[in-house]
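Take a look at the structure below.
For reference, positions follow the sequence shown, starting with 1. What's counted below: heavy atoms across the whole structure, side chains too, no hydrogens, waters or symmetry copies.
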Amino acid sequence: APFVTVLGTGQINVNTASPTVIRSLPGMGDEAIDLIVRSQKSDRPLRSIEELMQRLSSGARSAMTDANAELAQRVTFETREVIVNAEGWVDGSPLRVHGEVMYARGGDAMFTVWRRTER
């Protein structure tokens, strides 16, 4: 449940995803996952599949090359979607409002994909 959603494009940002989520991608073995996690911890994000593959041994690179067509459709290396949660109230009032909005980036613009408000 914490790793699956029906919201968004379905692409996985390997620079922010957990090892469990990364493991679900085709061609991702232990070496690639370890390299990605080290990159996440060092605040030096990966920029492409090619950059990731260059840093792998030939065996790990071969597994990723075999899965490259499917992998390229399922991964991203930058944040394109953000969910914002907010809660508002008036002091002394029992009324509270909770809102969620998903924004997606398209070029230099942000678009509202969906929003939900609960009282």
Side-chain angles (χ1 to χ4, degrees):
F3 302 112
V4 177
T5 182
V6 295
L7 305 173
T9 64
Q11 288 186 310
I12 295 171
N13 182 344
V14 297
N15 287 312
T16 59
S18 71
T20 302
V21 172
I22 296 167
R23 187 170 301 284
S24 72
L25 293 167
M28 290 288 181
D30 291 337
E31 183 181 340
I33 293 167
D34 290 344
L35 192 147
I36 291 167
V37 170
R38 283 195 312 273
S39 178
Q40 289 173 344
K41 289 179 181 178
S42 72
D43 291 328
R44 294 180 59 204
L46 295 164
R47 295 187 187 121
S48 66
I49 293 173
E50 292 76 23
E51 179 184 347
L52 173 59
M53 289 173 59
Q54 288 174 357
R55 296 170 59 184
L56 296 173
S57 68
S58 61
R61 188 178 315 119
S62 177
M64 195 169 286
T65 299
D66 292 344
N68 195 32
E70 184 181 356
L71 186 61
Q73 295 175 353
R74 294 186 53 197
V75 300
T76 184
F77 292 84
E78 57 186 28
T79 300
R80 294 185 182 157
E81 301 160 332
V82 176
I83 295 177
V84 177
N85 289 291
E87 189 170 74
W89 63 91
V90 175
D91 285 339
S93 171
L95 182 63
R96 290 189 176 276
V97 177
H98 177 84
E100 286 185 307
V101 180
M102 175 183 269
Y103 295 105
R105 190 175 81 206
D108 292 336
M110 294 291 284
F111 300 94
T112 301
V113 176
W114 61 263
R115 63 182 172 200
R116 176 177 61 195
T117 304
E118 298 173 358
R119 294 180 188 205

Qualifying residues under side chain to side chain donor-acceptor pair (under 3.5 Å), relative to Glu51, sequence neighbours excluded: none

Trp114, Phe111: one ILVMFWY side-chain cluster at the under-4.5 Å cut-off? no

Can you tell me how far CD1 of Ile36 sits from CE of Met28, rounded to the nearest 0.5 angstrom? 4.0 Å

What heavy-atom pair brings Ala32 and Leu56 nearest, and what distance separates the two atoms? CA-CD2, 3.7 Å

Path from Trp89 to Val97 over hydrophobic side-chain contacts below 4.5 Å: no

State which residues pass side chain to side chain contact (heavy atoms under 4.5 Å, CB included) with Ser58; sequence neighbours excluded, sorted by chain then number. Arg61

How many angstroms lie between CG in Leu46 and CD in Gln54, if you round to the nearest 0.5 Å? 11.0 Å

When rounded to the nearest 0.5 Å, the distance separating CZ of Arg96 from CZ of Arg119 is 14.5 Å

How long is the straight-line distance from CD of Gln73 back to CG of Asn68, given to the nearest 0.5 Å? 10.0 Å

Short side-chain to backbone donor-acceptor contact, Glu70 and Leu25, under 3.5 Å: no

Residue pairs involving residues 22-49 (criterion salt bridge (Lys or Arg N to Asp or Glu O under 4.0 Å); sequence neighbours excluded): Arg23-Asp30

For the CZ atom on Arg105, are there more than 12 heavy atoms of other groups (residues, nucleotides or ligands in this structure) within a distance under 6.0 Å? yes

So how far is it from Asn13 CG to Thr79 OG1, rounded to the nearest 0.5 Å? 4.5 Å

Using every non-hydrogen atom in the two residues, find where Ser39 and Asn15 come nearest and quote the distance to one decimal. OG-OD1, 4.5 Å

Between CG on residue Leu52 and OG on residue Ser48, distance to nearest 0.5 Å: 8.0 Å

Out of curiosity, does Ile83 fall in the hydrophobic cluster containing Val113 (side-chain heavy atoms, cut-off under 4.5 Å, transitive links)? yes

Are Met110 and Met102 connected in the hydrophobic side-chain network, where two residues link if heavy atoms are under 4.5 Å apart? no

Determine yes or no for a side-chain-to-main-chain donor-acceptor pair under 3.5 angstrom, with Gln40 supplying the side chain and Ala17 the backbone. yes

